[in-house]
Amino acid sequence: MKVIRKQLAEGVYLTCLPARKFKTSLLSAQFVTPLTDKNAAVHALLPAVLRRGTMRFPDMGSLSVELDRLYGAEIDYTVRKKAESQCVGFVASFIDDAFVPGGEKLLEPVSDLLGELICAPATKNGRFLPEYVEGERTNLVDAIRGILNDKRDYADLRLLQEMCAGEPYGVSRFGDEKSAAKISPQRLYAAYTALIASARLELFYSGSAAPERVEGALLRAFSALPRENVRELAPAAFHPAREEARTVTDVMDVTQGKLGMGFTCGSRDFPALLLGNTLFGGSSNSKLFLNVREKLSLCYYASSMYHRQKGIITVSSGVEFENFQKAYDEIMLQLRAVQNGELEDWELEGARSTLLNAYASIGDSQARLENFYLGQAATGQSETPEELATDVRNTSAARIFEAMQTVTLDTVYFLKGKEAAE
């Protein structure tokens, strides 16, 4: 698959992902903006309100009728976090032109509708409709509270908040509840006008249409988009290592403890660290899964994640309160085993195979393709899945051990129950 990337206008980029094996086409429009405490919630609310209607289709009912007319096309709003950027916008899915009855073309009308949602939203007296803002604001607050209700997600977020305090990486993609609850229609509209004028717009298309046709359709659809003082995105700063690890404990009404651990990576050998993390806790054949969870039964779950753009590795686990120290010690023991090269040949080949299969499967889904290339665009990366797979194949065991030896403990987070605190 030959990926084509082109600049259409100031701060507007189109990435074409030609694909003829799908019966649907995918069209995505994503604004990429710095993730900040101040604007995270208001930017997260914005696409939900924009999705409520346009000047031509001012409510969900009329918008649904138009989507039905376009053979059941779907347009969903998205709020994502890519490194230290927040990506908000829409993803449209519709029947590929090769399968539309009578040869009707859907790319152009779907592009136009996407452009209307962004450039001509439903407004009254120069601001968003209060009822739309109030309804979606309630949904956003509920989503933020939902993270607290899922203690695994909550613990993972709290670890990043504590480890990356003062850094954008510690901010949730939804922002915080207090900020979300205070968003007014006036504040939201002001944020909207600033965002569409200054944030980079990344457009993605996957389907059978020729790139020239896609370019023409999107240029027309977004011809009214203001492009004033478009901001360049700064690369994410690597997390600085602490001289001494710190421990943070929260006490809540929970029956199962959550142990999170954050590590800094001194190496910048991305493929080696990716493989090292996969060996450590990044797959169902990892040392954390097979030893800490399965063999010793110290954790209900135990896994790790490598955050390339920040140069950190995080561990997520669920433990009995009294097993905190045992689980902590065993997690550190398994990390040292990887650092010292204490593993069987099948472990390394299993980790390599896991990553190669993951890269190979990206092309099996238009949604995964769009998400992968959005991440690349938002973080200033250009490797294709095929190039990343080649890097993984060519990474030696010695490189892995050398890179993993630079991994040091930074932050320990423990969520425990009230009875365990007594």
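For the atom pair CZ of F22 and OG of S208, the computed distance is 12.0 Å after rounding to the nearest 0.5 Å. The CG atom of L45 sits 10.0 Å away from the CZ atom of R187 when rounded to the nearest 0.5 Å. Here the NZ atom belonging to K124 is positioned 7.0 Å from the CG atom belonging to L129, to the nearest 0.5 angstrom. Of the inter-residue distances, the one linking K287 atom NZ with T278 atom OG1 reads 13.5 Å to the nearest 0.5 angstrom. Taken from CG in L388 to CG in L274, the straight-line distance is 8.5 Å, to the nearest 0.5 Å. One distance of note links CZ of R213 with OG of S111; it measures 8.5 Å at 0.5 Å rounding.
Counting only distance, with no hydrogens or angles, the side chain of N229 and the backbone of A197 share no donor-acceptor pair below 3.5 Å. A side-chain donor-acceptor contact under 3.5 Å links Q7 to the backbone of A9. Put simply, the side chain of T247 never gets that close to the backbone of V412: no donor and acceptor are under 3.5 Å apart. At least one donor-acceptor pair closer than 3.5 Å links the side chain of R352 to the backbone N or O of T395. Formation of a donor-acceptor pair under 3.5 Å by the E167 side chain with backbone atoms of H239 is not found in this model. Between the side chain of N394 and the backbone N or O of T390 there is at least one donor-acceptor pair closer than 3.5 Å. Between the side chain of R56 and the main chain of G53, no donor-acceptor pair closer than 3.5 Å is present. Judged by distance alone, with hydrogens and angles left aside, the side-chain atoms of E330 form no donor-acceptor pair with the main-chain N or O of A327 at under 3.5 Å. Side chain of E177 to main chain of V141: no donor-acceptor pair is present (N/O by atom type, distance under 3.5 Å, no hydrogens or angles). Put simply, the side chain of T138 gets close to the backbone of E134: a donor and an acceptor are under 3.5 Å apart.
Residues F31 and H43 keep their aromatic ring centres 6.0 Å or farther apart. Remark: aromatic rings of Y373 and F204 are distant, center separation not under 6.0 Å.
Annotation: side-chain hydrogen bond (donor to acceptor under 3.5 Å, both in side chains) contacts of Q309 (sequence neighbours excluded): none. When the side-chain hydrogen bond (donor to acceptor under 3.5 Å, both in side chains) test is applied to T379, no partner is found at least two apart in sequence or on another chain. Not counting sequence neighbours, the partners of Y192 by the ring pair (Phe, Tyr, Trp, His ring centres under 6.0 Å) test are F128, Y189.
The pair R69-E66 meets the salt-bridge criterion, with a side-chain N (NZ, NE, NH1 or NH2) lying under 4.0 Å from an Asp/Glu carboxylate O. Residues E131 and R52 are not paired through a salt bridge, judged by the lack of any N-O separation under 4.0 Å between the basic side chain and the carboxylate. Using a cut-off of 4.0 Å between Lys/Arg side-chain N and Asp/Glu carboxylate O, D112 and R220 are scored as salt-bridged. Using a 4.0 Å cut-off between charged side-chain N and carboxylate O, D410 and R242 make a salt bridge. Ion pairing of R5 with E202 is present here, as a side-chain N (NZ or NE/NH1/NH2) and a carboxylate O approach within less than 4.0 Å. The pair E136-R51 fails the salt-bridge criterion, with no side-chain N (NZ, NE, NH1 or NH2) lying under 4.0 Å from an Asp/Glu carboxylate O. We find that E370 and R80 are joined by a salt bridge, their nearest charged nitrogen and carboxylate oxygen being less than 4.0 Å apart.
The two residues G170 and Q161 have their closest heavy-atom pair at O-CG, 3.2 Å. Heavy atoms only, all atoms of each residue included: R227 and R200 are closest at NH1-CA, 4.3 Å. Scanning both residues, S172 and A40, for their nearest heavy atoms gives O-CB, 3.9 Å. Looking at every heavy atom in both residues, T15 comes nearest to V3 through CG2-CG1, 3.7 Å. Between A403 and L273, the shortest heavy-atom distance links the atoms O-CD2, 3.7 Å. Contact between V338 and F401 at its shortest, heavy atoms only, is O-CD2, 3.3 Å.
In this structure, K105 places its NZ atom where more than 12 heavy-atom neighbours from other residues, nucleotides or ligands lie under 6.0 Å away. Heavy atoms of other residues, nucleotides or ligands lying less than 6.0 angstrom from OH of Y77 number 12 at most. Atom CG of D364 has more than 12 neighbouring heavy atoms from other residues, nucleotides or ligands inside a 6.0 Å radius. Within 6.0 Å of atom NZ in K178, 12 or fewer heavy atoms from other residues, nucleotides or ligands are found, so the atom counts as exposed in its surroundings. At most 12 non-hydrogen atoms from other residues, nucleotides or ligands lie less than 6.0 angstrom from CE of M305.
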Given the rule in the side chain to side chain donor-acceptor pair (under 3.5 Å) test, do Y413 and D250 qualify, once you have shown the distances and angles that lead to the verdict? CA-CA 8 Å; Y413 172 78; D250 282 347; 2.7 Å; yes

As a quick check of understanding, evaluate side chain to side chain donor-acceptor pair (under 3.5 Å) for R231 and S198, giving each step before the final call. CA-CA 6 Å; R231 297 188 302 265; S198 62; 2.9 Å; yes

The test is salt bridge (Lys or Arg N to Asp or Glu O under 4.0 Å); show your working for K151 and D156 and say whether it passes. CA-CA 8 Å; K151 296 302 185 288; D156 292 345; over 6 Å; no

Run the numbers on T314 and M261 for side-chain contact (heavy atoms from CB on, under 4.5 Å), then give the verdict. CA-CA 6 Å; T314 56; M261 302 170 68; over 6 Å; no

Run the side-chain contact (heavy atoms from CB on, under 4.5 Å) check on V12 and L218 step by step: do they pass? CA-CA 10 Å; V12 180; L218 291 172; over 6 Å; no

Side chain to side chain donor-acceptor pair (under 3.5 Å) assessment of T264 paired with T408: CA-CA 5 Å; T264 55; T408 57; 3.0 Å; yes

Decide yes or no on salt bridge (Lys or Arg N to Asp or Glu O under 4.0 Å) for K23 and D96, but give the supporting numbers first. CA-CA 5 Å; K23 292 185 178 181; D96 192 87; over 6 Å; no

Decide yes or no on side-chain contact (heavy atoms from CB on, under 4.5 Å) for L26 and F94, but give the supporting numbers first. CA-CA 7 Å; L26 178 145; F94 52 99; over 6 Å; no

Go through the steps for E402 and S267 under the test side chain to side chain donor-acceptor pair (under 3.5 Å), then give the verdict. CA-CA 8 Å; E402 182 180 359; S267 171; over 6 Å; no

So I331 and F280, side-chain contact (heavy atoms from CB on, under 4.5 Å) or not? Walk me through it. CA-CA 9 Å; I331 289 170; F280 176 42; 3.9 Å; yes

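A heavy-atom distance below 4.5 Å is found between the side chains of R368 and S361.
Cation-pi geometry between K81 and F174 is not met: the NZ or CZ atom fails to fall both under 6.0 Å from the ring centre and inside 45° of the normal. Taking the ring centre of Y301 as origin, the terminal cationic atom of R152 falls inside the region bounded by 6.0 Å and 45° from the ring axis.
Between the side chains of Q376 and S382, no donor-acceptor pair is found at a separation under 3.5 Å.
Tested against E116 for a side-chain contact (heavy atoms from CB on, under 4.5 Å), the candidates L63, T54, L50 yield a single pass: T54.
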